[in-house]
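For reference, the structure is listed below as C-alpha cells.
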Amino acid sequence: MTSRRDGLSFGGDYNPEQWPNETHVDDVRLMAQVRVNLVTVGVFSWATLEPVPGTFEFDWLEAVLDRVHEGDIAVDLATGTASPPPWMVTLDPLSLPVDREGRRRWVGGRQAYCPSSPTWRLRSQRLAEQMASRFAQHPALALWHVGNEYGCNTPACYCDACGLEFRKWLIRRYGDIGALNEGWGTNFWSQRYSSFDDIHPPRITPDGTIPNPSQELDFRRFFSDHLLSAYVAERDILKRITPDVPVTTNFMAMSRFNRLDYWRWANEVDVVSNDHYPSSRPELADAELALCADVTRGLSRGAPWILMETAPSAVNWRSINRPRPAGQLRRHMVQHLGRGADAIMFFQWRASRAGAEKFHSAMLPHAGTDTRVFREVSELGQLLDDAGEISGSRVVAQAAMIWDWESWWSQEFGFLPTSELSYFRNAMDLHRTFTDQQITLDIIDSGTSFDAYPLVVVPSLCLMDVDVAQRLDAYVRGGGTLVVTYWSGVCDEHDRVWLGGYPGALRDTLGIWVEEFAPLERGQTVALSDGGTASVWSEFLHLRGAESRVEFTGGELDGVAAVARHEHGAGVAWYVATRLDPISLDRHLSDVLTDARLRPLLSCERGLEVTVRRGEHADYALVVNHGDAVREAHFAGFDLVTGRELRTPWSLAGGDVAVVRLEQRVDGREVDGPRQPDS
Ligand code: GAL
C-alpha cells in the first residue's frame, strides 16, 4: 500500500541522525536481510534539519533517503515538526505550552509547543514547506508523516492564546452566549456568562470543586479540533506541493490515550495509521489489542491501515518493563493483520545509545543481530512476505459497536455516581466476548447508519443526542438487534441529564426505566439469579415492556432485573444493567446473537481468534491460538505461513498462527466499511 510494491509493508521508525554514516550502511544491509521495505524517517529531526532559525540543512537527509532507496526501501517521510528545537523558546518563550495550573512546560522532553503560538505555527509550516519542496521528486518518498502522536505529551494548553482560540471556537459552536449558558447549565454555582469574553480554559479551580463538566467537555472538543487545525495546515502545504503523495499522522487509538476525537481526524488523512503498545496486563493484552485494531479499522472506514508503531519487545515508560513473552510478537502482529493492517511498523529500527528511550526495545537491539528479538523480527519479515497476497483485502465484519471518545471523556470529569466506571473496560468486556464467540465487530461512530448491521452494540454511550436516540429506536423497530449497557443515554450532548427516569434517551426503546443508581463498592460482587455475579454497578430498574432475563439476588436489589430483553417493533433491544462476570456475559450475548441470527463465518473450536479478510481473488482466514492447547478448525485452504494444504479438520498448536487462503469464499456480506455519517 505504501511501499510502492505489492504486498505488506514492514519496517519502523528510523533515526539515522543518532548514528554515524558507517552505521547507516550497516542499517540498510540489515534492513534488507530482514525484509524491511518501509521506514519512517525524520520524525524528531527538526533540530538537525534547521539547526538555527531559517537555516536548513537537508543534505544529510537526502543521503539517507538515497541510501535506503538503493536498498529498495520506501520512506514514510516526516515533516520533522513533532518537536521544536531549543532555539524556539529563545525566539519566543510563549511558544511553550501551559498546564492547567498555569505553569509553562519546558523544553528538554518533546512536543513542548502551544498550538496557538504564531511562532510555532509559522516555523513548523515553513519547515513542512521546505521539506516538501526539497524531497518532492525523491524516488523513495511514498508517504508523508505529519507531527507525531498529536496530543500525546501536550494533551491541552491552558494559556491565554489558547483561551482566545477557545472563545472563537465557542462562538462558532453556539453563536450566542444564551445558547452556551443553556448548554453548560451555568445557572449552577453562579457561573452565568454575559459575554464570551469572560470565558477561559478550565484551569485549576478552588479545592473541592471541579470546573463545569460541560465546559470541560467543550474544551476537550476544542483542543482536539485545534490540534487538528495544526495538522491540516501542514497537510495542505504538502498537498499543494506533492498532490499525489498520501499524507498521514500516527494516531494513538489505544487504552492509555483518549484525548483526540479521531472520528474527526480520520476524515483528514489519506491513510489511517495507528500506534499500539501492548497492555501492561498480560491477561488483557490480546483483547485490548483486538479492540484497538478494530477501532483503527473503523477510523479507516474498513480500508487497510498501517500499524505505525509498536514495540518489538519491552517499552521503557512503565515502572517495570517486561520483555514480550516469546511468541507474542508473532501472534499480536497476525491479530493486527486479521483486523485490517497492511503494514507492520515498529518503534524503532535501531536501539538508541543515548537519550530517554535508550532502554526501549528496537528491531535491532544494543546487543546486535544474535538476539532473540532480531530473530523474531526476521521471522516476522518472512511471514509478512509469505502472506503478502492479503494486502488490499478488507475485513468481513458481522456486527457493529458504537465508539465515542466524547462519552469516554465525560466519565473523566469526576463527581459521578462512582469513579469505577470505565468506558474502555466496558467496551472491551463486550468486544472480547464477541471475539471469543468468533464474531467480528466493525467499530462505528454514532452518526453512521446502523442499517447495514443485524446487531449494534452500545457500551456506556453516556452522551446521546436526540438524533442518535431516534435512529437507534428506528433501527430496532425496523428489525435490528441492539445491546445497550448501563451508563448509556443518561445525558445529552452537553452532558445534561435526560429527565424522567434513566436512561432517558433510550427508556422506551429498551422497555425499562431506572429510578436510582446503586454503584457497588470496589471489589464487591452481587449474586445473580442464574448463578453468575455482577460487579461495579447496579440500579433500581423497572420493567415497562421488557422481560427480565436475570435478576440480582439478595440485599436491597433482590429481584431487580440485571439484564432485560425488549421486543420492540420488528426487532429486539437488550439492556445490561451491571458488569456481568465473563461467563454470564458470554451466555447473554449468545442469546443476543440468536436474536440477531448471527453465527461465526467459519467453523472453529472456541479458543481460536479468527477473522476473515476478503480479497479480489480469495477470502483469507487469520487464525491465532493464544492458548497452550491444540485447537481444531473445520475449513479447507492453504496456509501461507507454512505452505501447508489444510484439509478439514486441521489443528493449530498452542501459541501458533495461520494465514489461510480459503478454498471457498465465506458466506458473509460484502463489507465496504461503515457508511459515512448520514449528515
Ligand atoms: C511513542 C512515540 C515514539 C516513542 C514510543 C516509545 O509514543 O511516538 O516516538 O517515543 O512511543 O514507546
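Only heavy atoms go into these numbers, but all of them, side chains included; no hydrogens, no water, no symmetry mates. Both ligands and their constituent atoms are indexed starting at 1 by order of listing.
- Listed by chain and number, Phe44, Arg110, Asn148, Glu149, Asp275, Tyr277, Glu309, Trp317, Phe347, Glu357, His360 each place a non-hydrogen atom less than 4.0 angstrom from ligand 1.
- More than 12 heavy atoms of other residues, nucleotides or ligands sit less than 6.0 Å from atom CD of Glu283.
- Contact annotation: the side chain of Tyr423 never approaches that of Trp409 to less than 4.5 Å [non-hydrogen atoms, C-beta and beyond].
- By the ring pair (Phe, Tyr, Trp, His ring centres under 6.0 Å) test, Phe251 is found to be paired with Tyr262, residues two or more places apart in sequence or in another chain being considered.
- You'll find the ring centres of His276 and His336 inside the 6.0 Å limit.
- For Phe346, there are no ring pair (Phe, Tyr, Trp, His ring centres under 6.0 Å) partners at least two apart in sequence or on another chain.
- Contacts classified as ring pair (Phe, Tyr, Trp, His ring centres under 6.0 Å) and involving residues 114-137 (residues at least two apart or in different chains) are given here: Phe58-Phe135, Tyr113-Trp120.
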